[in-house]
Amino acid sequence: MSEISAGGVRPAWRSTPGTGAETRRAAPDVRRLLQLALAGLWLLDGVLQYQAFMFSKGFSDMLADSASGNPGVVARPISWDATLVGHHLAALNASFATIQLLLGIGIAWRPTVRVALAASVAWSLGVWWFGEGLGLVLTGNVSPVSGAPGAVILYALLAVLLWPSDRGSPDGPSPFAAARAVGAPVARVVWLVLWLSLAYFALLPANRAPQALHDMIAGMTDGEPGWLAALDRGAAALVAHQGLAASVVLAIALVVVAVGVYLPAPVARGSLVLAVVVAAVFWVFGQAFGEIMTGGATDLNSAPLLALLALAYWPAPAPSQANEGTATS
Amino acid sequence: MIPSWVLDVFAAIMLVVAAVSAARLVAARSWRRGGRSAALADIDVAHLLMGIAMAGTLVAALRTWPDGAWEVVFGVLTAWFGYRVARDARISGVRALAGGHCAPHLVHAGAMLYMFAAVSAPAAHESGGMGGMSGGAGGMRTLELPFLALLFALVLVGYCIWDLDQVSGPGTSGHYSLAVARAAPPGPVLAAVGARAAGAAAAGASGASAGLVSVAASGLADAIVAAPPVAEPAGIAQVPPASGPADGTGVLAPWVATACRIAMGVTMAFMLVIMI
């Protein structure tokens, strides 16, 4: 099992150079490192869920707000859930926070990684519906810049792609970490669908309006520290009345990212770097670091997950370049 | 406002950490004789002090010393672990910063110092200090430079995750040998450990056979890796099965210290985030 083999040796960067001993030590397993990053995000989400705001009526109101604009069949359970949470705020929110803490701990704790990843998928899907209104993707008023299709669904996607199995590549080493569990063709299709959907969202009429992007970014400044608010105001000024152009440029970039994984490795790497850059721009200017400094954030938003996904698709070194330890993992 | 019982639970966990750290200090007292007491005790002392300080921060009734005293305490601890990290860095290079033994403790001490030093002054005056995060009439305490709090929280979470991964692994890293102590084969097995750890273990573990390095004896893994450096080249050591309390089982088992550190890291990240 790879998650065991990955930890069965001392990480290479801890070895003492020049001694020869490091030849017995494997390079860190990329998939395990990505699992640990995912675990860290869950742990941080759990901590964020303990914030004072989450124990206030504002949290249940926030849940209820995610129903608006959604079809009735989606919205009604959200409203029911928001009412329930409002009535049992302390107990339920503390439970939510603890569950997320345990998911992070479970993924990081090797013997429970499968159970925790499976649980995280179920939890993510539940939160995506009841907590995020399916990321508002059915409302027609959603933007990849502000976090569409919802951070939590990306947690589920990562859990599936980072599942600790190696049935994906019967012909040899997987071309990238995300391919190991589901196979390269499926993983590439997942990537393509995700980033093309982001491009589609970028071109929605609500995002093409002249002031759409400006208003979205400017709206992130409330409650932020001065330096971040100033940064966002500057960015908003740059795209004032440029909604259509910004949407088109963004959509083109997202399409390039989407198809990049089908291209040769050097080009694919370039597209993945672009993906990380796009995610970073989203995170700073469109998501204000997940609004984590306002006291009302439940997660870091979608951008860190997009960057993590990009790393999961980073082409693996050719077999001749891989060291012995990597091959064994 | 955060329900007081949530804070009580975290405070109780911190008191448990403090108690366990005190027990480790007592249990290891004899083992620590021989000139290495400072190198071995500082981790548990730090855990003990942090546990008490955090419990007092979370629940006003558990408050012990004034904020200024804690600032001095954690200033000293930060300087001490900073010195230890710098010393490690001279030997191991920048790896000491990323994965060295003392780096997590430096971050923990630094985060505590930041928490006590950066708590907003008006709020501190309203309730006579930082004790009691629910705040009562004074409201929630907040920290100045919130981005620094976020940064500390991220690093603390990162160390927690890394600790969990390492402590639950097969355990040949030498840093955390829970799995070795629990699942070592009956005969000698090969394990790559640094001669630095080997030298410390051989010197300190009474159960270690001549020519062998007891990784179980490195049961005091924290201590062993923190021990004064000896010959740097790494080697292959033979590892007999764990045995005896002096080998780091019971309260001295390495996973106990690591579990304390994980609990403190999570609680510290929690405190930083809710005070942003």
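What you see is a predicted model, and the numbers here were worked out from it, not measured in a lab.
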Taking a cut-off of under 4.5 angstrom between non-hydrogen atoms, the residues of residues 81-105 of chain A near chain B are A:A90, A:A94, A:L101, A:G104, A:I105
Chi angles and distances behind the side chain to side chain contact (heavy atoms under 4.5 Å, CB included) call for B:F147, A:M293 = CA-CA 7 Å; B:F147 190 77; A:M293 282 173 282; 3.7 Å; yes
Do B:V6 and A:F55 come close enough that some side-chain heavy atom pair is under 4.5 Å?
-> yes
Smallest separation among heavy atoms of A:R110 and B:S168, with atom names = N-OG, 3.0 Å
State, to 0.1 Å, how close A:Q51 and B:I274 come at their nearest heavy-atom pair, and which atoms those are.
-> CA-CG2, 3.9 Å
Within residues 40-48 of chain A, which positions have a heavy-atom distance to chain B below 4.5 Å?
-> A:G40, A:L43, A:L44, A:V47, A:L48
Which heavy-atom pair separates A:L33 from B:W162 by the least distance, and what is that distance?
-> CD2-CZ3, 4.1 Å
Is chain A contacted by the side chain of B:V273, its backbone, both, or neither, given a heavy-atom distance below 4.5 Å?
-> both
Highest number of heavy-atom pairs under 4.5 Å with chain A among B:L154, B:V9, B:I161, B:L150 belongs to B:I161
B:I276, B:I262, B:L164: which one forms the most heavy-atom pairs within less than 4.5 Å of chain A?
-> B:L164
